[in-house]
J.: 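Here's a structure for you.
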Amino acid sequence: MARVILFLFFGILLFSCSEKSSSTVKTMEVEKPEYAIVIHGGAGTILKKNMTQENEKAHREAMHTALDIGEAVLKEGGSSLDAVEQSIKFMEDSPLFNAGKGAVFTHAGTNEMDASFMYGKDQNAGAVGGISTIRHPISAARAVLEKSEHVMMAGKGAEDFAKSQGLEVVDPSYFYTERRWKSLQRILNSESDKTELSESDDVDKKHGTVGCVALDKDGNIAAGTSTGGMTNKKFNRIGDSPIIGAGTFADNATCGVSSTGHGEYFIRYTVARDIAALMEYGGKSLKEAGEIIINKKLVEKGGTGGVVALDRNGNIAMPFNTPGMYRGYAKPGERVVKIYKED
Ligand code: ASP
């Protein structure tokens, strides 16, 4: 009997020690999956009543394909960096999303894209702002992360660097899509007529930024975000998407985050980093941290949008404070793709 009690005592002691030493960050919600991947295709006034069946189907299919691509990399034991890059490249090539082909237009009628990438293993990061000639801005951001001593490059310099790294260069006209061009024209007309924009035009203003966060079999988290920014943006405006800590953040000790929404608010309130900081210093779980920042703090401040995030144990969070957010995730044997709040 005494032996059994002693055994139990040491067992409990060992268990509580390992719990503590594994860190104080709260991530023990479910059993850790081998890998996990989560994506978004933008948040905003996405309402079922304004969506055609075709459009909804196209978005759902595109999100499934983006997840398929990233999941295939992770399943094979590939890195989270590759999964994020491949998945985002697909979404950049799709005209459905406001990134790469399908990027929104600036006030001057150009397409200026922003992207960023962060690796949770060493917290190395790369970002590009205001580029118009690189087919895959996310690959340019990854090149800055891996092949340069800098974190952020802008405009022509960023394009020259991407070109020097062998990335595909395209004519700026490659990014033209009729839908986004018409959307700019409607906004310009409403400005000159001083009329209100309709709900669907307002939707078009900043829709479809893409992002992806992945956890690979080695336990490394990577996060990336890519966007055309906001329709009618002026003066080389740069949003939150290429700002590390606002649009993108990754740290193996806590979580990876990719944001979408009204960029100015995400920059001012360092949204992505704040979620990780609440876990790191505040002992919150990913879910709690996401809710506090997106559905409490941002709402109080008037900032609209959302994030997709995952923690080091593969828990997923996709909080948003808009009517909808294109979003989805995959883990072994599990797949979710959603658009509306009540999806
Ligand atoms: N966050 C992006 C920006 O402000 C836009 C978006 O996510 O819809 O540039």
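Note that ligands are numbered from 1 as they come in the structure, with each ligand's atoms numbered from 1 the same way. A quick note: this is a predicted structure, and the numbers were derived from the prediction, not measured.
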J.: Checking the N or O distance criterion of under 3.5 Å, is ligand 1 in contact with E264?
T.: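 In fact, backbone or side chain, E264 has no N or O that close.
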J.: Do I138 and M153 sit in one hydrophobic cluster, given that two such residues count as connected whenever their side-chain heavy atoms are within less than 4.5 Å of each other, even indirectly?
T.: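 I138 does not cluster with M153.
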J.: I'd like to check which ligand 1 atoms, numbered from 1 as shown, lie under 4.0 Å from a non-hydrogen atom of G263.
T.: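 Ligand 1 atoms under the 4.0 Å threshold to G263: 4 (O).
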J.: Are the aromatic ring centres of F161 and H150 under 6.0 angstrom apart?
T.: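 Here the rings of H150 and F161 have centres that are no less than 6.0 Å from each other.
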J.: Return the option from I243, D114, T209 holding the heavy atom at the smallest distance from atom 6 (C) of ligand 1.
T.: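 Nearest heavy atom to atom 6 (C) of ligand 1 lies in T209.
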J.: Classify the side-chain pair H107/R237 by whether it contains a donor and acceptor separated by less than 3.5 Å.
T.: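 On atom types as modelled, these side chains do not qualify, holding no pair under 3.5 Å.
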J.: If you count heavy atoms of other groups shown closer than 6.0 angstrom to NZ of K341, is the number above 12?
T.: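 It does: K341 NZ has more than 12 such atoms within range.
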J.: Can you label the angle between the Y176 ring and the W181 ring as parallel, tilted or perpendicular, going by 30° and 60°?
T.: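 Tilted: the ring planes of Y176 and W181 meet at 30° to 60°.
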J.: So is R237 touching ligand 1 or not, going by heavy atoms under 4.0 Å?
T.: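 Yes, R237 has heavy atoms under 4.0 Å from ligand 1.
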J.: If every non-hydrogen atom of F97 is compared with every non-hydrogen atom of R180, which pair is closest and at what distance?
T.: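 Taking every non-hydrogen atom into account, C-NH2, 3.5 Å.
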J.: What atoms in ligand 1 come closer than 4.0 Å to a heavy atom of T260?
T.: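 Numbered from 1, ligand 1 contributes 6 (C), 7 (O), 8 (O).
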J.: Check contact between S241 and ligand 1, using heavy atoms of the residue and a distance below 4.0 angstrom.
T.: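 Within the 4.0 Å threshold, so yes.
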J.: Indicate yes or no: does an N/O atom of G261 lie under 3.5 Å from an N/O atom of ligand 1?
T.: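 Yes: some nitrogen or oxygen of G261 is under 3.5 Å from one in ligand 1.
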